[in-house]
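Right, one structure below, let's go through it.
Below, chains carry the letters A, B, ... as their sequence lines are ordered, and counting in each starts from 1.
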Amino acid sequence: MNETNTEDFIREIIRSDVEKGLSEVVTRFPPEPNGYLHIGHATSICLNFGIAKEIEYAKCNLRFDDTNPVKETTEFIESIKKDIQWLGFEWGDTEFYASNYFQQLYSHAITLIKLKKAYVDSQTQNEIRENRGTLTEPGKNSPYRNRSIDENIDLLERMKKGEYEEGAHVLRAKIDMGSPNMNMRDPVMYRIIKTQHHQTGEDWSIYPMYDFAHGLSDSIEKVTHSLCTMEYVDHRPLYDWFINELNVFPSRQIEFGKVLMSHTILSKRNLLKLVEMKYVDGWDDPRMPTISGMRRLGFTSDSIKDFCRRVGITKRENVVDIALLEHCVREDLNKKAERRMAVINPLKVTIENYPQDQTEYLIAQNNPQDESFGTREIPFSKELYIEKEDFMENPSKKFKRLSIGEEVRLRYAYFIKCKEVIKDELTGEPVELICTYDPKTKGGSAPDNRKPKGTIHWVSSKHSIQSEVRLYDRLCSDPNPDISDDSNLENVLNPHSLEIKKNAQLEPSLKESDSTIKYQFERLGYFCLDNKSSNSNTLVFNRTVSLRDSWSKANKGG
RNA sequence: UGCCCGGUGGUGUAGUGGUAGCACAAAGGACUUUGACUCCUUCGACCCAGGUUCGAAUCCUGGCCGGGCAGCCA
């Protein structure tokens with residue numbers, strides 16, 4: 001987080017503009033409220049709002065690109081605002097909407113008609129498509145292309161008033177049906193949509209298309225640098241065309257490469273499908289790569305911003321390894337997380353030589369690397385739970401945990417030795433371990449300075465809280481999920497992206513928790529309370545990310 | 001076979017005519033009351049071919065490869 005940003009090509013352009021005398025820098029973040037923000041948007045947010053923070057006379061507007069009421073809702077507006085704030089960015093006291101400019105945009109359209117640069121086309125949608133030509137063949141002019149100015153204005157006004165059905169007419173820019181750039185083949189500026197708009201209600205029956213609305217909204221807001229992704233490069237000539245024909249403030253569009261990530265899906269269309277088909281539990285499902293999902297998973301905003309910084313801004317297309325994101329959270333959480341002990345696959349341990357009804361409280365550090373976190377007390381008693389995986393009857397040489405006759409340290413408590421394994425008669429699985437402890441090793445160190453091979457975590461069974469722990473894993477098992485075929489969506493999902501542990505046993509201090517507090521359950525990973533799923537009976541904790549685990553990794557090979 | 005954008009280790013990124021650096025990942029080791037953290041080491045790259053130049057990842061030309069564009073979506 002502390003390293004300075006190397007200057008990317010966009011900041012370089014802006015700096016050079018400032019050096020040439022540009023006195024105000026204005027960027028904008030322009031989401032369409034038709035879905036939740038995801039990790040890909042975070043890059044753009046960090047870029048646009050980041051520039052505004054770095055430069056003295058710079059600001060970044062939040063502008064909802066709400067030109068298609070059919071797909072947009074206020075739920076999405078609210079989630080977007082919340083996510084930007086949570087990431088730590090501000091847009092000042094005004095929140096802008098493209099719909100604020102519908103009247104000005106309409107006037108601009110009238111102006112273009114008067115300049116003979118726009119016309120009402122009454123071809124059917126099919127005819128328009130057919131006459132657009134193809135990638136290799138030019139299009140054909142519409143038969144309506146040379147309507148008179150008066151007729152065009154009359155038609156447009158009546159479209160606006162709602163006198164025609166959807167699809168009856170559109171307003172088009174009159175540019176060049178033979179252009180090798182498809183965007184310049186008389187692009188549609190307005191279409192008739194008779195849907196209530198979340199901001200303007202029923203004021204309008206026509207809505208502006210992206211290319212017409214976006215650049216001119218930038219211009220109205222005096223946006224100096226309009227930053228967008230590479231798929232808009234081909235739209236830039238059109239962006240400039242509207243500004244030039246109308247002779248308005250010259251905003252400049254600059255494109256950068258979109259960020260994709262391995263093991264996940266980032267297109268809004270597919271994320272929407274995951275939600276609608278109930279493959280996940282809503283837009284904020286902790287498996288979703290949405291900002292809301294990641295927040296619920298337990299991510300910090302700092303780790304997301306650090307990720308964006310490390311990924312950087314270029315014109316290349318890129319697929320970032322999700323391991324980098326995981327590294328960023330681990331690094332941040334390692335500093336910020338309170339350590340706790342929790343057992344997610346409990347195995348009962350009875351300490352034979354410990355007094356029956358005794359409870360003693362042992363001191364544990366809340367963060368061994370940072371004394372300011374302080375300490376807490378953990379109850380210890382005769383019956384404990386340890387992790388099933390921490391016991392092996394016939395261990396390999398490298399196994400550093402509990403086995404018969406071997407001594408292991410219970411973290412912050414005592415050294416114990418296992419005497420006997422009680423097994424389930426049917427399955428042969430260990431169900432209880434009979435152990436002894438060494439009273440002289442309280443706190444975890446021995447007077448003779450002997451060192452056990454390993455240290456394991458535990459909880460006192462009488463004092464522990466039973467809770468639900470959700471172990472989340474990557475959304476897709478394949479690094480580059482192929483969703484080119486829509487029907488394949490289900491197949492690319494990782495069937496083990498969620499494992500629910502209903503019988504987790506937590507140390508009692510976890511009773512008072514809050515989703516803003518980050519925890520490390522020692523030796524397991526980073527966890528965070530799920531406010532949405534927890535209730536007065538059961539606490540639910542989500543695993544944000546596991547700890548790095550060189551043991552299981554090394555063990556897999558042989 | 002139109003127009004546009006891009007090709008630096010496995011991944012992301014730096015480099016702006018002068019010895020190709022950093023991070024993540026991977027492998028090994030040290031340390032360890034978390035098989036974590038930290039530290040050390042190792043592995044590993046300029047798409048290709050010409051040209052310009054004393055010198056090219058960088059400039060030019062031509063290929064090759066990847067991506068985007070034919071919504072009344074954004």
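- Between the base of B/rG35 and the side chain of A/Arg401 there is a donor-acceptor pair shorter than 3.5 Å.
- With hydrogens and angles ignored, a donor-acceptor pair closer than 3.5 Å exists between the side chain of A/Asp234 and the base of B/rG68.
- Counting non-hydrogen atoms under 4.0 angstrom, A/Thr67 reaches the backbone sugars and phosphates but no base.
- Of all nucleotides listed (B/rG6, B/rG12, B/rC73), B/rG6 comes nearest to the side chain of A/Lys315.
- Pair assignment for B/rA36: none, as no Watson-Crick or G-U wobble contacts are both less than 3.5 Å.
- In the set B/rU34, B/rA23, B/rU32, B/rA23 carries the atom at the smallest distance from any side-chain atom of A/Leu324.
- Using a 4.0 Å heavy-atom cutoff across all strands shown, A/Pro368 reaches at least one base atom of the nucleic acid.
- Nearest-nucleotide positions on RNA chain B for A/Asn183 and A/Asp121 put A/Asn183 closer to the 5' end.
- Neither OP1 nor OP2 of B/rC69 sits under 4.0 Å from any side-chain N or O of A/Asn181.
- A straight line from CD1 of A/Ile206 to P of B/rC73 spans 14 Å, rounded to a whole angstrom.
- For the pair A/Arg309 and B/rA14, the criterion of a side-chain N or O lying under 4.0 Å from OP1 or OP2 is not met.
- In this structure, the CG atom of A/Asn126 is 12 Å from the C1' atom of B/rG71, given to the nearest Å.
- Cation-pi check for A/Lys160 over A/Tyr106 is met; the charged atom lies under 6.0 angstrom from the ring centroid and within 45 degrees of its normal.
- Where A/Gly444 and A/Ala323 each meet RNA chain B at their nearest nucleotide, the meeting point lying more 5' is that of A/Ala323.
- Taking side-chain N and O atoms only, A/Arg548 has a distance below 4.0 Å to OP1 or OP2 of B/rC37.
- At the phosphate of B/rG35, OP1 or OP2 sits under 4.0 Å from a side-chain N or O atom of A/Arg523.
- For A/Arg316, a side-chain nitrogen or oxygen approaches OP1 or OP2 of B/rU13 to under 4.0 Å.
- Residue ring and base: A/Trp551 counts as stacked with B/rG35 (centre distance below 5.5 Å, interplanar angle below 30°).
- If you check distances only, the side chain of A/Arg339 does reach the base of B/rU34 with a donor-acceptor pair under 3.5 Å.
- Judged by distance alone with a 3.5 Å cut-off, no donor-acceptor contact links the side chain of A/Gln369 to the base of B/rU38.
- For A/Ser550, counting side-chain heavy atoms from C-beta on, the closest listed nucleotide (B/rC69, B/rC37, B/rG35) is B/rG35.
- In the displayed structure, A/Glu19 atom CD is contacted under 6.0 Å by more than 12 heavy atoms of other residues, nucleotides or ligands.
- Contact between the side-chain N/O atoms of A/His327 and the OP1/OP2 oxygens of B/rC24 is found at a separation under 4.0 Å.
- The distance from atom CZ of A/Arg543 to atom C1' of B/rA36 is 14 Å, rounded to the nearest whole Å.
- Applying the 4.0 Å criterion to OP1 and OP2 of B/rG6, one finds that A/Thr314 has every side-chain N and O outside that range.
- Atom CZ of A/Arg132 and atom P of B/rC73 are 11 Å apart (whole Å).
- Checking B/rA70, B/rG2, B/rG68 against every side-chain atom of A/Met182, the shortest atom distance belongs to B/rA70.
- Among the atoms of the strands shown, only primed sugar atoms or phosphate atoms (P, OP1, OP2) are found under 4.0 Å from some heavy atom of A/Asp549.
- Using a 4.0 Å heavy-atom cutoff across all strands shown, A/Gly167 reaches at least one base atom of the nucleic acid.
- Considering only side-chain N and O atoms, A/Arg185 lies nowhere under 4.0 angstrom from the phosphate OP1 or OP2 of B/rG71.
- Phosphate contact (OP1/OP2 of B/rC73, side-chain N/O of A/Lys268, threshold under 4.0 Å): absent.
- Across all their heavy atoms, A/Leu324 and A/Arg310 have their closest contact at CD1-CD, 4.0 Å.
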